[in-house]
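In this text, all values refer to a predicted model and were calculated from it rather than measured experimentally. Scope of the values below: all heavy atoms of this structure, side chains included, with no hydrogens, waters or symmetry mates.
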Amino acid sequence: MKRRILQNKYFLYLTEFFAGMSVMAVEIGASRLLAPYFSSSQIVWTIIIGTIMIAMALGNIYGGRSADKNPDPDKLYRRITISAIWIGLIPLVGKYLILGISALMIVTVDTNLLIWAALVACLVIFVFPLFLLGTVTPSLIKYTMESIEESGRIAGRLGAANTIGSIIGTFLPTFVTIPAVGTAITFLLFAGILLVLCAIYFLSGRKETPATDSDAEGQAGKGSGGAAGKGTRLLTVAAIAFLISCVFGHESSFAFWEKDLTYEGESVYNYLQVKEDEERIVFSTNVLFGVQSVAMKNGALSGMYYEYALAAPVAQQAAEAGRAGSGAGSDAPLSVLVLGNGTGTYATLCRKYWPDAKVVGVEIDGRIIELAEEYFSQTDDIEVVEYDGRAYLAAIRDTYDVILVDAYRDITIPFQMSSVEFFRLVKEHLNEGGIMAVNLNMGNETAAFGAGAAAGTGAEDVSAEAGINDYLADTMDAVFDRVYAYRIPGTTNALILAGEGDLPDELAAGIEGLTDPALADLMKRATDGFVLYQGGNHIMTDDQAPVEMLGMRQIDLLIRGEIDYYKKKILAGDFDF
């Protein structure tokens, strides 16, 4: 006996539609689930897409064989139900699996730690449910096709239904559900859709077929106690699991060990976190790596890396004053452009120390702009534009005295803002004597940037393998007359100042005119640290900028250094961490 609902083939097309939609929704959700732990780089996307395609291919093979061997639609809808249960449980257990896998990888893998951790996490969390959804298309072709003459038409309709569903499943989470309700509820929504679909199927009842009395009794008994009973029991289990996940997983925190977060949420681009104590407010876009902004509640300097970038306007204003003394200076107030404005802490400091300055901040994430106003007291006299940094430069003709590039967030470095073409664009938007400041956020102790630049010997004189900061600094050096590097003490950050003049001398002269003791002290500490960078030949272009691989490799070094530190303490019997 067939179920009554299969009298209408449109239900099968609807099944194909929702299966395609759910696959893409899970793929988008996977990127957001992994991003706070492993970044949203091209490498992570490649891992996600690759593992999902593997799962779908295996599902296609199995689904076709299963449908040929036993063309019972009940089996397909039981597989969809199991897939829905699995997807629905991801918000509840996914983050624990990621951290457990990461901990295992730390002690078992020596290289490419994040790549292996992301790959294994993807395999464990996402392959099985998408393998099951991969069985849908070949199974439905079997159930829908009644003659070989209609094979092309049936396959075309099913393919169209799957494609349309996939399109919706791509756009809906990205632009609607994730920004509105978050990743956890997005998984629950699409799991719920699949469960409703399966519930409609299993509760639709079977269509009676002519048979003898004894056959009818046997079929009825088989239907109630066999396949039909399996479907009903599975639906009950699914409903219980779904409710549990809805109750305990709908507000799932990526940083579940953090108990007193002021704000945790998601935007189209980022995971976002704000926490505060009596002294400061802290902003981060990642669970495991780095802090982006710190605002002291008493208005004091926090010692964060971006405060050292105030050396750019200090040096530029000193050079401008020198030119003015020779009759070549400008009476215009300081102008600053911040690419990667974030919560506006640097822009706010520029306005604090140069009240007449014209400050423009460019930030691609609109939700971060809102957080800047809500928690970080970004003032209205700072113009903030919601736009991509490079696209903004390409669209304007304005020039500035200082351009800060602070768009390298966590372990994610946008390749379009790391190429020689980008830095040429920055230079075109600098006034005469203008300075570009760039925050490099991943330490590079063993490669040329850490050894060669600090010693002033040049990148090519160091035998260590070049790292991400070497590539970035070499690319900047290919564009600007002089590039100075400063390793910020106690951090993995480095500051680049690039321009035309002798920046350390200009900075030293600028310090003499500072009236704020805290700023003057900070700049004095930075003065002796700047060294002239002698560039190598690691030039990145729009066509070739391997920032993802370089960044992942550098993160491996940073993590390995931390692990080795704790290993040595343990081996020495020192458990005072």
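- Atom-to-atom distance recorded for I82:CD1 and I87:CD1 is 12.0 Å, nearest 0.5 angstrom.
- In terms of modelled atom types and a separation under 3.5 Å, the side chain of E363 and the main chain of T343 share no donor-acceptor contact.
- Among all heavy-atom pairs drawn from M417 and G389, the shortest one is CE-CA, 4.1 Å.
- Annotation: ring-ring contact (aromatic ring centres under 6.0 Å, His included) contacts involving residues 110-130, sequence neighbours excluded, comprise W86-F128.
- The salt bridge (Lys or Arg N to Asp or Glu O under 4.0 Å) test applied to E370 returns R367, not counting sequence neighbours.
- T236 contributes a side-chain N or O that, together with a main-chain N or O of T232, makes up a donor-acceptor pair within less than 3.5 Å.
- Between the T475 side chain and the Y471 main chain, a donor and an acceptor come within less than 3.5 Å of each other.
- Residues M540 and P546 approach most closely at SD-CD, 4.1 Å, considering heavy atoms.
- In this structure, a donor-acceptor pair under 3.5 Å is absent between the side chains of T186 and R32.
- The backbone N or O of G59 lies less than 3.5 Å from no partner atom in the side chain of T135, so there is not a single donor-acceptor pair.
- Residues satisfying the ring pair (Phe, Tyr, Trp, His ring centres under 6.0 Å) test with Y375, not counting sequence neighbours, are none.
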Can T183 and E266 be said to form a side-chain hydrogen bond (donor to acceptor under 3.5 Å, both in side chains), step by step? CA-CA 8 Å; T183 301; E266 297 175 80; 2.3 Å; yes
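- Of all heavy-atom pairs between T51 and L119, the closest is CG2-CD1, 3.7 Å.
- Side-chain N or O atoms of Y143 include one that pairs as donor or acceptor with a backbone N or O of D72 at under 3.5 Å.
- Residue A191 comes nearest to A84 through the heavy atom pair CB-O, 3.4 Å, listed as atom of the first residue, atom of the second, then distance.
- More than 12 heavy atoms of other shown residues, nucleotides or ligands fall within 6.0 angstrom of atom OH in Y263.
- When the ring pair (Phe, Tyr, Trp, His ring centres under 6.0 Å) test is applied to F376, no partner is found at least two apart in sequence or on another chain.
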The test is salt bridge (Lys or Arg N to Asp or Glu O under 4.0 Å); show your working for D542 and R390 and say whether it passes. CA-CA 12 Å; D542 284 348; R390 178 165 175 174; 2.7 Å; yes
After noting the C-alpha distance and the side-chain angles of D68 and K142, does the key distance pass the salt bridge (Lys or Arg N to Asp or Glu O under 4.0 Å) rule? CA-CA 7 Å; D68 285 340; K142 180 75 173 181; 3.3 Å; yes
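- Between the side chain of N60 and the backbone N or O of G134, at least one donor-acceptor pair lies under 3.5 Å.
- Without hydrogens or angle criteria, E27 side chain to I48 main chain gives no donor-acceptor distance under 3.5 Å.
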Just distance, no hydrogens or angles: give the donor-acceptor pairs under 3.5 Å from side chains in residues 163-171, sequence neighbours left out.
{"unit_1": "T163", "atom_1": "OG1", "unit_2": "G159", "atom_2": "O", "d": "2.8"}
{"unit_1": "S166", "atom_1": "OG", "unit_2": "G20", "atom_2": "O", "d": "3.4"}
{"unit_1": "S166", "atom_1": "OG", "unit_2": "N162", "atom_2": "O", "d": "2.8"}
{"unit_1": "S166", "atom_1": "OG", "unit_2": "N162", "atom_2": "OD1", "d": "3.4"}
{"unit_1": "T170", "atom_1": "OG1", "unit_2": "S166", "atom_2": "O", "d": "2.8"}

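- With sequence neighbours excluded, the residues forming a ring pair (Phe, Tyr, Trp, His ring centres under 6.0 Å) with Y77 are F11, Y201, listed by chain and number.
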Can M56 and T137 be said to form a side-chain contact (heavy atoms from CB on, under 4.5 Å), step by step? CA-CA 10 Å; M56 296 299 292; T137 297; over 6 Å; no
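- No donor-acceptor pair under 3.5 Å is formed between the side chain of N270 and the backbone N or O of S267.
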Go through it in stages, so that I can follow the logic: the residues are L132 and Y62, the test is side-chain contact (heavy atoms from CB on, under 4.5 Å), and I'd like the CA-CA distance, side-chain angles, deciding distance and then a yes or no. CA-CA 9 Å; L132 296 177; Y62 178 82; over 6 Å; no
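- Taking both residues in full, the closest heavy atoms of I28 and I178 are given as CG2-CD1, 3.9 Å, listed atom of the first, atom of the second, then distance.
- When atom types are taken as modelled, the side chain of S22 and the backbone of F18 share a donor-acceptor pair closer than 3.5 angstrom.
- The closest side-chain donor-acceptor pair between N537 and D474, if any, does not fall under 3.5 angstrom.
- S66 places no side-chain N or O within donor-acceptor distance of the main-chain N or O of G63, the cut-off being under 3.5 Å.
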